[in-house]
Number of protein chains: 2
Amino acid sequence: MQRVFEALASAPRRKILALLAHGELSAGDIAARFEMTKPSISQHLSVLEAAGLVTGEKRGQFVFYRQVRDNLINTLNGFVQEACPVTRPLKRESAERQHASDETA
Amino acid sequence: MQRVFEALASAPRRKILALLAHGELSAGDIAARFEMTKPSISQHLSVLEAAGLVTGEKRGQFVFYRQVRDNLINTLNGFVQEACPVTRPLKRESAERQHASDETA
DNA sequence: ATGTTATTTATGAAATTTCCTAATCAACGA
DNA sequence: TCGTTGATTAGGAAATTTCATAAATAACAT
């Protein structure tokens with residue numbers, strides 16, 4: 001939780017996550033999209049990895065990174081549960097869905 | 001966006017948001033729940049306020065803080081759209097809704 | 001008016017973050 | 001084997017964050 005939010009506090013790291021939303025990329029491909037040196041990107045990647053938000057896999061010469069999507073979703077969800085229980089605008093929808101799924105459930 | 005995530009990167013600040021989820025509290029009431037001095041809490045509150053996550057209203061001697069829930073929800077949602085477009089478990093649902101709204105659209 | 005309570009502002013020390021350059025490690029190809 | 005490419009590690013400077021203490025501001029009660 002702490003590590004995830006610390007990881008998300010950095011704009012470059014959020015951008016990396018957004019890039020990886022579409023699929024895996026090598027460290028170099030990622031770095032190429034920033035005006036920042038490769039070592040700096042490498043460091044950002046290790047922060048993201050320590051937070052469990054991405055994983056890197058070495059294939060040959062390259063290291064391919066991809067998102068670990070569940071951890072991000074679960075952490076944000078866990079936080080929202082604490083900080084915004086029963087968000088108002090969604091409550092009605094949720095009630096409707098509940099209603100609609102009475103049969104399926 | 002940047003300010004919101006920076007604000008969320010701190011455990012005390014996330015705890016403040018969780019406290020305010022249940023309703024407004026005075027600065028002193030908040031401080032009482034931490035092992036931290038009032039000035040430090042005051043500073044955390046101003047970070048949260050600068051991020052648009054809470055607002056303080058002075059009533060008499062006290063300053064009552066409450067959440068600005070929309071900003072938190074909208075920011076997190078905006079980020080999730082970028083970093084996790086079409087989250088798998090929701091995709092099916094979303095497709096169904098798309099289907100259902102073909103007429104209305 | 002004066003003292004008390006609630007809160008913030010000012011200031012500064014300690015720790016952390018962010019980014020760079022230089023150097024190292026590892027895999028590939030000639 | 002050597003040189004090259006992809007990536008990380010090491011080390012350090014600059015900026016930021018976090019927390020504290022001391023002082024200031026503001027509302028309240030006597």
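As the structure is a computational prediction, the values presented were derived from the model and not from experiment. The sequence lines fix the lettering, A, B, ..., with proteins before strands; numbering per chain opens at 1.
Residue B/His44 has a polar side-chain atom (N or O) positioned under 4.0 Å from OP1 or OP2 of D/dC19. Distances shorter than 4.0 Å separate none of the side-chain N or O atoms of A/Ser40 from OP1 or OP2 on C/dT18. For B/Thr37, a side-chain nitrogen or oxygen approaches OP1 or OP2 of D/dA20 to under 4.0 Å.
Computed from coordinates, the A/Gln61 CD to C/dG29 C1' distance equals 9 Å when rounded to whole Å. We find that CZ of A/Phe34 is positioned 14 Å from C1' of C/dC19, with the value rounded to whole Å. For the pair B/Asp29 CG and C/dT7 P, the interatomic distance rounds to 7 Å; values are reported in whole Å. We find that CZ of B/Phe64 is positioned 12 Å from C1' of C/dT7, with the value rounded to whole Å. Put simply, CD on A/Glu35 is 10 Å from P on C/dC20, counting in whole angstrom units. Rounded to an integer number of Å, the gap from CG of B/Leu48 to C1' of D/dT17 is 14 Å. Rounded to an integer number of Å, the gap from CD1 of B/Ile16 to C1' of D/dT18 is 13 Å. Summarising the geometry, the separation between CZ on B/Phe62 and C1' on C/dT8 is reported as 15 Å, rounded to the nearest angstrom.
The distance from the OH atom of B/Tyr65 to the NZ atom of B/Lys58 is 10.0 Å, given to the nearest 0.5 Å. Note that CZ of A/Phe79 and SG of A/Cys84 are 6.5 Å apart. Values are rounded to the nearest 0.5 Å. Rounded to the nearest 0.5 Å, atoms CG (B/Leu25) and CZ (B/Phe62) are 12.5 Å apart. Note that CD of A/Gln67 is 9.5 Å distant from NE2 of A/His22, once rounded to the nearest 0.5 Å.
Comparing C/dA6, D/dT18, D/dA20 against the side chain of B/Ser10 picks out D/dT18 as the nearest.
Applying side chain to side chain contact (heavy atoms under 4.5 Å, CB included) to A/Leu8 and the options A/Thr75, A/Leu17, A/Leu48 leaves one that passes, A/Leu17.
At the heavy-atom level, A/Arg13 lies under 4.0 Å from the strands shown only through sugar-phosphate atoms.
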For nucleotides 8-10 of chain D, tabulate all protein N/O to nucleotide N/O atom pairs closer than 3.5 Å, reporting atom names and distance.
from: D/dT8; atom 1: OP1; to: A/Tyr65; atom 2: OH; distance (Å): 2.4
from: D/dT8; atom 1: OP2; to: A/Ser42; atom 2: OG; distance (Å): 2.8
from: D/dT8; atom 1: O5'; to: A/Ser42; atom 2: OG; distance (Å): 3.1

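Electrostatic pairing of B/Glu57 and B/Arg66 counts as a salt bridge here, judged by a charged N lying under 4.0 Å from a carboxylate O.
In this structure, the side chain of B/Gln2 engages the main chain of A/Ala9 through a donor-acceptor pair within 3.5 Å.
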